[in-house]
Amino acid sequence: YPIETVSNFTNDVATMWDVRYENDRLREELDAAAHMNTYIRALEAERDELKELNGLNSLYTENELIKGMVSNRSSEKWDSVVNIDIGRNQGVAVNDGVMTSHGVIGRVIDVNDDSAVVALLVANDDNSRVSVSIEVAPGEYVPGILESYNHEKGVFTVRLLETTSSITADMLVSTSGGSGVYPRGLLVGKVESVKNISEGTGVEVYVKSSVNFDNIGYIAVVKRA
């Protein structure tokens with residue numbers, strides 16, 4: 001009986017260690033699967049972003065698009081500039097406009113051989129002001145100036161001096177080409193709301209961009225025709 005008891009105990013301990021080993025192995029497999037799923041989703045997101053960016057070629061046939069991606073973004077200048085991995089050798093020049101598949105993000109302010117610095121529209125500096133057009137009817141546009149970005153509300157302010165046209169939500173806003181930097185017709189965003197200025201000197205239009213300025217990956221530098 002003692003011998004049988006010791007034998008049973010030994011078997012129970014061995015079984016316990018087998019179960020523990022199996023549980024550890026399953027736990028490692030689950031962790032690996034979670035990492036793999038995360039990696040696959042990231043690759044799928046990159047693939048979709050690239051497909052959308054390549055689709056811009058059929059829209060902006062009059063302009064040359066030079067594809068690249070954000071290579072560096074300083075935490076100190078997060079809302080001001082980004083560095084991209086294309087430069088002079090790829091045809092990039094100062095004042096070229098830059099966009100993602102969702103809209104304009106800014107313009108090139110410094111160029112090296114294989115890199116460049118892009119000033120973002122959300123920086124609220126001299127590089128942020130853009131001449132834009134609001135499409136009030138098919139083929140009919142109202143001009144304005146994109147003046148500033150409200151980081152708290154996530155909207156741009158566009159000032160209009162012409163108040164005879166009725167501006168409503170969801171009207172498309174694009175670059176007018178009048179600033180000499182951006183070609184005409186690059187998407188900026190959609191009208192979110194409109195406010196009459198108290199002094200009666202014009203109208204402020206609040207525009208929402210489709211660009212997530214906190215997550216900029218693939219970009220295209222747009223050369224004027």
About how many Å separate [atom2] of [Y] and [atom1] of [X], when rounded to the nearest 0.5 Å?
X: I66; Y: N63; atom1: CD1; atom2: CG; value: 11.0 Å
X: E204; Y: S193; atom1: CD; atom2: OG; value: 10.0 Å
X: F213; Y: H102; atom1: CZ; atom2: NE2; value: 11.5 Å
X: L187; Y: T175; atom1: CG; atom2: OG1; value: 9.0 Å

Could you see if [X] belongs to whatever hydrophobic cluster contains [Y]? Use Ile, Leu, Val, Met, Phe, Trp, Tyr and a side-chain cutoff under 4.5 Å.
X: V117; Y: I86; result: no
X: L121; Y: V70; result: yes
X: L186; Y: V205; result: yes
X: L160; Y: V207; result: yes

How about [X] and [Y]: do any of their side-chain heavy atoms sit closer than 4.5 Å?
X: N95; Y: V108; answer: no
X: D110; Y: V94; answer: no
X: V222; Y: V98; answer: no
X: N112; Y: D114; answer: no
X: I105; Y: M99; answer: no
X: I167; Y: I134; answer: yes
X: I109; Y: V118; answer: no
X: Y218; Y: T100; answer: no

Acceptor/donor pairs from residues 140-150 side chains to any protein atom, 3.5 angstrom cut, sequence neighbours excluded:
residue	atom	partner	partner atom	Å
E147	OE1	R159	NE	3.3
N150	OD1	E152	N	3.0
N150	OD1	K153	N	2.9

message = Evaluate V221 against I219 for side-chain contact (heavy atoms from CB on, under 4.5 Å), listing each step before the verdict.
response = CA-CA 7 Å; V221 173; I219 55 88; 4.2 Å; yes
ask   = Which side chain to side chain donor-acceptor pair (under 3.5 Å) pairs, counting each pair once, include a residue from residues 126-139, with sequence neighbours left out?
value = R107-N127, D125-S128
Are the side chain of [X] and the backbone N or O of [Y] linked by a donor-acceptor pair below 3.5 Å?
X: N215; Y: N212; answer: no
X: S209; Y: G189; answer: no
X: K223; Y: G91; answer: yes

inquiry  = Using side-chain contact (heavy atoms from CB on, under 4.5 Å), reason through M171 and V136 one step at a time and then give a plain yes or no.
reply    = CA-CA 7 Å; M171 286 182 172; V136 294; 3.9 Å; yes
key: Crowding at CZ, R184 (>12 non-hydrogen neighbours, <6.0 Å)   = no
query = Taking 4.0 angstrom as the limit, do R88 and D113 come out as a salt bridge?
reply = yes
Indicate every side-chain donor-acceptor pair of residues 76-83 with a distance under 3.5 Å to a residue at least two apart or in another chain.
residue	atom	partner	partner atom	Å
E76	OE1	S74	OG	2.7
W78	NE1	D214	OD1	3.0

ask   = What's the verdict on side-chain contact (heavy atoms from CB on, under 4.5 Å) for V130 and V104, showing C-alpha distance, side-chain angles and the deciding distance?
value = CA-CA 10 Å; V130 181; V104 176; over 6 Å; no
